[in-house]
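Please read the structure below before turning to the comments.
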There are 2 protein chains.
Amino acid sequence: MKTTTIYDVAKEAGVSIATVSNAINGKGKVSKKKRDEIFKVMERLQYQPSVIASALMGKKTYTLGLLIPDVSNPFFSEIARTVEDLAHSEGYSVIVCSTDNRNERVEKYLRLLEQKSVDGILIGTGMENGELLTQLAEKSVPIVMIARESADVSAHSVLTDDFKGGTLAAEHLLELGHRRMAIVSENFEVSSSIERVRGFRFALFEKGIGLEDGSIVSSDSSIKAGKKAAETLLQATERPTAIFCVNDILAIGALQAAKEAGIRVPEQLSIIGFDDTILSTVTNPALTTIAQPMDQMVKLAFGLLIKDADGDDAIRQRIVMSPELIVRESTGKPTLEA
Amino acid sequence: MKTTTIYDVAKEAGVSIATVSNAINGKGKVSKKKRDEIFKVMERLQYQPSVIASALMGKKTYTLGLLIPDVSNPFFSEIARTVEDLAHSEGYSVIVCSTDNRNERVEKYLRLLEQKSVDGILIGTGMENGELLTQLAEKSVPIVMIARESADVSAHSVLTDDFKGGTLAAEHLLELGHRRMAIVSENFEVSSSIERVRGFRFALFEKGIGLEDGSIVSSDSSIKAGKKAAETLLQATERPTAIFCVNDILAIGALQAAKEAGIRVPEQLSIIGFDDTILSTVTNPALTTIAQPMDQMVKLAFGLLIKDADGDDAIRQRIVMSPELIVRESTGKPTLEA
DNA sequence: TTGAAAGCGCTAACAG
DNA sequence: CTGTTAGCGCTTTCAA
C-alpha cells in the first residue's frame with residue numbers, strides 16, 4: 001500500500017495541494033467548507049503528513065538527540081525518561097545515544113544527529129572534543145549540556161554543584177565522627193566526578209583531616225569495577241571507616257565488597273554514594289547518597305533547548321542547582337577501634 | 001553558517017552533483033582522481049549529506065523506533081541499550097518511546113514514528129490495538145515484537161517461553177520443599193505475565209498442589225506497589241513460605257515488605273523474581289530469578305527487522321527462546337512450622 | 001480564497 | 001566516466 005501524500009488528499013478533496021497544506025497548518029485563509037472537506041478526506045485516507053518532506057523545506061524535524069554515557073545505567077535511564085516525556089508533550093521524539101564516555105562514539109553520534117537535522121541536542125556525557133560541538137553550534141544546532149560541563153564548549157548548561165555535593169558527603173561523614181576515609185572515583189576524567197572528589201577533600205581539609213596515601217582509587221563505572229576498587233581500599237592495614245563513592249553504581253560495588261569481606265555496613269563501614277538512583281533504594285542496607293534535582297534540571301535544560309530552537313539566541317546560560325544529602329541506612333557512627 | 005550541500009561540494013570540486021553523489025555512494029564509476037578531489041573538498045567544507053533529503057527520495061531514514069513500557073525500568077533500559085548498540089553498528093539510530101503500557105501513548109508514538117518514516121519498529125510493549133499495527137505493516141513498515149506478543153498482530157515476534165519460565169520458578173520452589181505459595185502478578189493484562197502465572201500454577205497443579213484463595217494478587221509494576229501487594233500476602237493467617245513475583249521490580253517490593261515485617265529471606269520466606277535485571281544482583285539477599293536470553297532475543301529481533309526492511313518479505317516468524325533459572329540468595333528451604 | 005509553480009538536498013535514470 | 005534532468009512530499013511566494 002503506497003503511502004498517501006498531500007496530492008492524494010488534494011485530488012480527492014478537489015482542491016490544490018497548497019490549500020491542503022494551508023488547512024493543515026492553519027496558515028492563510030481556507031474557507032470552513034473546504035477545510036472540513038479536506039479534514040474528512042485526510043481522515044478517510046489516513047493521511048499522515050511526512051515530517052521528512054516538511055523538514056526538507058527547512059521546518060523542524062521534531063527530533064531531539066540525547067547523548068548520555070549509558071542508557072542502561074539507571075541514573076541516565078531516569079534522565080532519558082524525563083527527557084522523553086517532556087519532549088513527547090511538545091511533539092518531539094528523542095534519539096537516545098549511549099556514548100560510554102568514549103570520544104569516538106560521541107563524535108560519531110554527533111555526526112549522525114547532524115545528518116538527521118535534529119532540532120537540538122541534549123548532552124549529558126563527557127566531551128573532550130569541544131571543537132565538534134562548537135562546529136555544530138555554529139551550524140545553529142541548539143545544544144545544552146546537562147549534569148556535565150565542558151570548559152571549551154559554548155552552550156547552555158544546567159548542572160549540579162558537584163563540589164558542594166562532595167562537601168555534603170564529607171560533612172555528613174565528619175559529623176558522624178569519621179576520620180579515616182577513602183574515595184572511589186571514576187576513571188574517565190569526568191568533570192563532575194573530579195569536582196565531587198575535590199569538594200569532599202576540601203571539606204576534610206577544612207577540618208584539618210587529610211586522606212592517606214592510596215586512599216583514593218579510580219575505577220570504571222560498573223558494579224564489578226567498583227567492588228574491586230573498594231576491595232583494595234578495604235585491604236589497607238588501617239582500613240577506612242567510611243568510603244565516599246562518586247556515584248551509586250560504585251557505591252553498590254563497595255557494598256558488595258564489604259559484604260564479601262564480612263564487614264558490616266554501616267556498623268563497621270559507612271558507604272555513601274551519589275546520584276540517588278533507584279538502585280540506592282533497593283540495596284540492603286539502603287544507600288545514603290547525594291541527590292541531584294534531576295527532574296528540575298532536565299526541565300530547565302529542555303526549556304533552554306526548545307527556546308533556542310525557536311530562534312531565541314539568548315546569551316549562554318549556566319544554571320547550577322544544589323545537591324541534597326539523602327540519609328538512608330549505609331552510613332552511621334564509626335565503631336571505636338584502634 | 002549555512003549548511004553546506006552537495007551543490008557546494010560539486011561547485012568547489014568542479015564537477016556535477018551527480019558525480020558527487022556517485023562518489024559518496026560508491027555508485028557508478030568515478031575516476032579516482034575526481035573522487036579524491038571530491039572527498040578532499042567534502043572534508044574541507046565539512047560536508048554532511050542530509051539524511052532528510054535522501055530519505056525523501058525513498059531511501060532509508062536509518063532510524064528505528066523502539067516501543068517499550070518504560071526506559072527507566074532497568075529491564076527495558078537494558079534492552080534499549082542492546083538495541084541501540086546493534087542499531088548503531090549498522091548505522092541506525094533509535095527513537096525510544098516509553099508507553100507506560102497505555103494504549104493512547106502507543107498509538108500516538110506509532111503515528112509519530114510513521115510520520116518520521118522510520119525504517120522499522122521494535123515493539124516490546126503491550127498492544128491492545130492490533131489494528132493500527134496492521135495498518136502500519138500494510139504500509140510496509142517492518143515491525144517485530146520482542147518479549148511480547150499480540151495475537152491480532154501479524155508481525156514477527158521473538159519471545160521467551162513465559163509459561164516455561166513460570167514452571168521453572170515453581171519447580172525450583174517445589175524442589176526446595178515449598179508447599180504454601182503465593183503470586184504477585186501484574187495489573188495490566190500483559191500476556192507474558194499471564195503466561196508466567198499460568199506456567200507456575202500448572203507446575204503446582206501437576207504436583208497436586210493448589211493455591212489458596214487470595215494468594216494471587218495483582219499490582220502495578222513498581223517497587224512500592226509490589227511491596228504493598230506482598231504485604232497483603234504476608235498478612236494472611238497462614239503466611240506463604242514462598243512468593244513468585246512476575247518480575248524483578250515486584251520481587252524487590254516483596255523483599256522490602258518482608259524486611260519491614262521482620263521476616264527473614266530466605267530463611268522464613270523465599271522470593272523469586274523474573275527477568276534477571278541488574279536489580280536482582282544488587283539486592284541483599286540477591287534475588288533468585290528467571291532469566292530471559294535478552295541479548296540473543298534482541299539480536300534476533302533486530303535481524304528480522306533489518307532483513308525485513310531490506311525488502312525480504314519473509315513469512316511471519318515466531319521465535320521462542322527458553323528461559324533459565326538463576327539461583328541466587330533469596331530462595332531456600334522452608335523452615336518447618338505449623 | 002485558492003492555485004500554479006518554484007524550490008529544499010538528494011538520487012536515479014538517461015544521455016553524452 | 002560525467003553531466004542533465006526529473007522528481008520525492010511539502011511549504012511558500014505570487015498571481016488570479
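Chain naming here is simple, since letters A, B, ... match the order of the sequence lines and numbering starts at 1 in each.
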In the 5'-to-3' direction, what one-character label does each nucleotide of nucleotides 5-16 of chain D receive under the scheme B = base within less than 4.0 Å of a protein heavy atom, S = sugar-phosphate only, - = no such atom?
-> --BBBBBB----
Any donor-acceptor N/O pair, B:N73 side chain to B:F75 backbone, under 3.5 Å = yes
Under the side-chain hydrogen bond (donor to acceptor under 3.5 Å, both in side chains) test, residues paired with A:K33 that sit two or more places apart | none
Residue pair A:L113 / A:L67, side-chain heavy-atom distance below 4.5 Å | yes
So, B:Y62 and A:K116: side-chain donor and acceptor under 3.5 Å apart, yes or no?
-> no
Inspect the contact between A:K32 and A:D36 and indicate whether a charged nitrogen and a carboxylate oxygen are less than 4.0 angstrom apart.
-> yes
Within the side chain of B:T61, is there an N or O that forms a donor-acceptor pair under 3.5 Å with the backbone of B:A55?
-> no
Between which nucleotides of DNA chain C, 5' to 3', does chain A make heavy-atom contacts below 4.0 Å?
-> C:dT1 to C:dG9
Apply the test salt bridge (charged side-chain N to carboxylate O under 4.0 Å, His left out) to residues A:R81 and B:D100: give CA-CA distance (whole Å), side-chain angles for both, the deciding distance (0.1 Å), then the verdict.
-> CA-CA 11 Å; A:R81 178 63 209 255; B:D100 286 332; 2.9 Å; yes
